[in-house]
There are 4 protein chains.
Amino acid sequence: MKESKKDRIIDAAVRLFHTQGFDGTSVRDIASKANVNVALVSYHFGGKKGLYEELMTQFLEGHLQIMKNELEKTITTNKELVLSLIKSLLEYQSKNHFVARMVHREMTMDSVLVRELMSTYLRKEKHDLEEIIRTGMKRGEFRKQPLDFVVIHLRTMINMPFQSPHYLSELYQITTTEPYFIERYMKHIRHWVDLWLCKNQSEYTTTTTYLLPRSIS
Amino acid sequence: MKESKKDRIIDAAVRLFHTQGFDGTSVRDIASKANVNVALVSYHFGGKKGLYEELMTQFLEGHLQIMKNELEKTITTNKELVLSLIKSLLEYQSKNHFVARMVHREMTMDSVLVRELMSTYLRKEKHDLEEIIRTGMKRGEFRKQPLDFVVIHLRTMINMPFQSPHYLSELYQITTTEPYFIERYMKHIRHWVDLWLCKNQSEYTTTTTYLLPRSIS
Amino acid sequence: MKESKKDRIIDAAVRLFHTQGFDGTSVRDIASKANVNVALVSYHFGGKKGLYEELMTQFLEGHLQIMKNELEKTITTNKELVLSLIKSLLEYQSKNHFVARMVHREMTMDSVLVRELMSTYLRKEKHDLEEIIRTGMKRGEFRKQPLDFVVIHLRTMINMPFQSPHYLSELYQITTTEPYFIERYMKHIRHWVDLWLCKNQSEYTTTTTYLLPRSIS
Amino acid sequence: MKESKKDRIIDAAVRLFHTQGFDGTSVRDIASKANVNVALVSYHFGGKKGLYEELMTQFLEGHLQIMKNELEKTITTNKELVLSLIKSLLEYQSKNHFVARMVHREMTMDSVLVRELMSTYLRKEKHDLEEIIRTGMKRGEFRKQPLDFVVIHLRTMINMPFQSPHYLSELYQITTTEPYFIERYMKHIRHWVDLWLCKNQSEYTTTTTYLLPRSIS
DNA sequence: TATGAATGAGAGTTCATTCAT
DNA sequence: AATGAATGAACTCTCATTCAT
């Protein structure tokens, strides 16, 4: 069975929004890339804005769902919980990296939509992250630190690869979509969690200054 | 002496680009906010795009200049150098936070302009950052770690407040422009440098979980 | 059935281009004369230039078609062929005199478009005209003369009424569109062909110095 | 002494108007080609239109002056008069071929300016031409023919090279400005005058079918 | 005489959306 | 569900001209 026209629109839109932004993408661009009639966008999604918002909310709902699933796991330590959560969120964003990038960029705008999404989705995310950290501190697993910057730092670590993928690929030839990227990045994350969140001393087991040989040249 | 019309255009443009993005801002918006004739934008800057690029390159050149100045300082340790550099870059971005945000957002786009700016400015920045870290490692000041992710992490720490200012203000009521923000953030940075870059153990002196009382509520 | 909006645009454009030239005619002029929305010009013709070129090529293709039809006729003498060809081309231009004038004027410009049309259409026309004249000379029907200027002269005779219609109407009250104009002009042409192309001596049968009495005043 | 700025403007304008037409040429084009300030056009000529009209009237006044001079010559025959007149007008147009072309094209427009120039200059020209022909007919030098088309034909012969120079150069490699063009064209004209205007039989002395060997290929 | 800044008008084109089919 | 035609609004940019200097 062929992909439905509605899906074709979504695929085209995701790619174009991700590359050129919302205002930089025209409905005709989308329609012609999806090889469908222009009017179909309005028909199926109630307009360009509706399509855009649908993409955003779908992504953010999936994001929250991931967090919910992780939090419901029975886990031994909060450190394990954090690491598992980070990994899952990285994988989710990697799988939907076009939309991820689109969402991260949109979140830097000052619009009604953004404020709504902030309240609806990111407030919940923030709450969950705080809860994990706070509990870890109480249990003595995590170092006592000001909660706000810790959460922000944590969130930054999770999103960074998808917020600046162009920087990574252009200057370091790191593509966030290649199979082993998450594995590599998790190594860095694990180290960071050990040193920064927890009280433990930890060292990289490898002695190379670059993880990837080719980047050395 | 009154502000020239050219400057008025720049001021208006910075604010509008920062809020709505390039494509979301019309030349008429800028002209009417600056209270000048629409045609003046084309006259002085050769069009909307020319104005935009001028803002970007001016900012990035200032950015590189800051780095150059810092690197020429005679400093005792590389740790001091890194901290001083971070502080200066934070102050620079804070002073030009509208443009900073604009630049960071643009850098997530896939455009010819971005690739040019990457090669021209960010490559230089990357080179300098790598040099500092590498030297610090050689001297035994910094922990041996893969260079690529360390630099990226460092850069992320420097830019984060201006890359996601909306998140900070909306969810944590942290405004990056308030007088004491840099001081607060530098506390976090210093701690991070101690633990993460250097081998030292270091603890926050305060025991509060939030730096800012009002954020607790 | 009413005239389609596309056709209304064409009609309006032909009249306006003919009167004011390409650059002197605005898309809004055309649209308002055709009583359609401005955007329709871009929609149907891909812009003002596209509309213009379509008009030109349509006319020139018709022109070539006329010549092709004439050349395929079985004719007794080359003189008959020339006369029949001239008459058909005059009638074609008379029927499309607005476009004809537009094309003749455009052909005096130095543009890429003109050079393309020259190579594509006029080169073919030139070849056919040369062929007719050359064959007539070989057969002894036509006087031996330098081919280049003869062809140019012939072509000038065919186009003159539509290249300077304003001069004719303003100074001689001759309108190229009135029913009997071609008949009158062909009388002149026939005489010219006899004397100039062929070796025959020929006299006007009429003794009046003006063909049209009213022009005498 | 260097060329004055006013003259530089005229030179630039002539070239640009000739190439792109009035509406296709902007004041900024002219100013930048002449390497002067834009405002100078308005200052010296009272605007673009004023400059244009000055060029036109200057040319047409020179044209009339040529005719006046020729008519005042004491000449033996009207045939000699016609030939001398044609030659002088060809030389005048050749010397000012940019303006000539500009004027011929403008004369195909429907504008107030054109109607004014028609009444002012071309009416006089028409009158003179008619006078010459009519007198020649009375004297029995010229064949009796309808006066209107004869004058129109004569005028067409005089202007043709400058009305369709692009056709000549593009398809026949004939440049109207090359030194011997007028000589060559006058040969054609003389033949035409003999056969067409006068009653004489006349043959080309040369037997080549092309005047210019290179055009044969 | 000459200029750079500035302007209002209008240029061509693209926009997202609507509607009859 | 899908489409081509059509629209009004808005877009960026260029236009010829003016004006203070």
Side-chain angles (χ1 to χ4, degrees), chain A residues 4-6 8-9 22-32 34-52, chain B residues 4-6 8-9 22-32 34-52, chain C residues 4-6 8-9 22-32 34-52, chain D residues 4-6 8-9 22-32 34-52:
Chain A
S4 80
K5 295 202 174 187
K6 194 172 173 181
R8 295 222 305 268
I9 290 175
F22 177 78
D23 292 302
T25 304
S26 80
V27 179
R28 280 193 153 72
D29 285 345
I30 299 171
S32 85
N35 207 26
V36 300
N37 187 282
V38 225
L40 269 194
V41 173
S42 285
Y43 179 75
H44 279 304
F45 302 93
K48 180 181 165 186
K49 203 173 179 179
L51 167 56
Y52 190 64
Chain B
S4 80
K5 296 203 174 188
K6 194 172 175 183
R8 295 222 307 268
I9 290 175
F22 177 78
D23 292 301
T25 303
S26 80
V27 181
R28 277 190 163 72
D29 285 345
I30 298 171
S32 82
N35 205 27
V36 300
N37 188 285
V38 222
L40 263 196
V41 173
S42 282
Y43 177 74
H44 279 302
F45 302 94
K48 182 182 164 185
K49 202 173 180 181
L51 168 54
Y52 190 65
Chain C
S4 81
K5 297 203 174 187
K6 195 172 174 181
R8 296 221 307 267
I9 290 175
F22 177 78
D23 292 301
T25 304
S26 81
V27 182
R28 281 186 166 77
D29 285 346
I30 298 171
S32 84
N35 206 26
V36 301
N37 188 284
V38 222
L40 263 197
V41 173
S42 282
Y43 178 74
H44 279 303
F45 302 93
K48 181 182 167 187
K49 202 172 179 180
L51 168 55
Y52 190 65
Chain D
S4 80
K5 295 202 174 186
K6 194 171 174 181
R8 295 220 307 268
I9 290 175
F22 177 77
D23 292 302
T25 303
S26 80
V27 179
R28 280 196 153 71
D29 285 345
I30 298 171
S32 85
N35 206 26
V36 301
N37 186 282
V38 225
L40 269 194
V41 173
S42 285
Y43 178 77
H44 279 303
F45 303 92
K48 181 181 164 185
K49 203 172 180 180
L51 168 56
Y52 190 65

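Throughout, protein chains are lettered first and strands after them, A, B, ... in sequence-line order, and every chain is numbered starting at 1.
Here the side chains of B:T25 and A:D23 are not in contact, with every heavy-atom distance at 4.5 Å or above. Counting heavy atoms from C-beta outward, A:L51 and A:I30 have side chains that approach closer than 4.5 Å.
In this entry the distance linking CG of B:N35 with P of E:dG8 reads 11 Å, nearest Å. Summarising the geometry, the separation between CG on B:L40 and P on F:dC15 is reported as 16 Å, rounded to the nearest angstrom. The CG-C1' distance, from A:L51 to E:dC15, rounds to 16 Å in whole Å. Summarising the geometry, the separation between CZ on A:F22 and C1' on E:dC15 is reported as 12 Å, rounded to the nearest angstrom. The nearest whole Å value for the distance from the OH atom in B:Y52 to the P atom in F:dT12 is 14 Å. What separates CD1 of A:I9 from P of F:dT3 is a distance of 9 Å, to the nearest Å. As a whole-Å value, the separation of A:D23 CG from F:dA10 P is 15 Å. Regarding B:I30, its CD1 atom lies at a distance of 11 Å from the P atom of F:dC11, rounded to whole Å.
Of the possible polar contacts, none joining the C:S42 side chain to the C:A39 backbone as a donor-acceptor pair under 3.5 Å is found. Checked by atom type and distance alone, the side chain of A:S32 never pairs as donor or acceptor with a backbone atom of A:N35 at under 3.5 Å.
The side chain of A:S26 sits closest to E:dA16 out of F:dC11, E:dT13, E:dA16.
Considering only residues two or more places apart in sequence or on other chains, B:Y52 meets the ring-ring contact (aromatic ring centres under 6.0 Å, His included) condition with B:F17, B:F22. Among residues two or more places apart in sequence or in another chain, the side chain to side chain donor-acceptor pair (under 3.5 Å) test is passed with B:Y43 by none. With sequence neighbours left out, D:V27 forms a side-chain contact (heavy atoms from CB on, under 4.5 Å) with D:V38, D:V41, D:K48.
Look at D:K6 and you won't find any side-chain N or O under 4.0 angstrom from OP1 or OP2 of E:dT1. The side chain of B:K48 contributes no N or O atom lying less than 4.0 Å from OP1 or OP2 of F:dC11. Residue B:H44 has a polar side-chain atom (N or O) positioned under 4.0 Å from OP1 or OP2 of E:dA6.
The two residues B:D29 and B:G24 make their nearest non-hydrogen contact at OD2-O, 4.3 Å.
Within the model, atoms NZ of A:K6 and CG of A:L40 stand 11.0 Å from one another, a figure rounded to the nearest 0.5 Å.
In this structure, C:K49 reaches neither bases nor backbone, as no heavy-atom distance under 4.0 Å exists between it and the strands shown.
In DNA chain E, consecutive stretches of 3 or more Watson-Crick or G-U wobble pairs with both distances under 3.5 Å are given as paired ranges: E:2-21 with F:2-21.
One can find a donor-acceptor pair under 3.5 Å joining the base of E:dG12 and the side-chain atoms of C:R28.
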Could you write out each protein N or O paired with an N or O of nucleotides 18-21 of chain E at a distance under 3.5 Å?
none

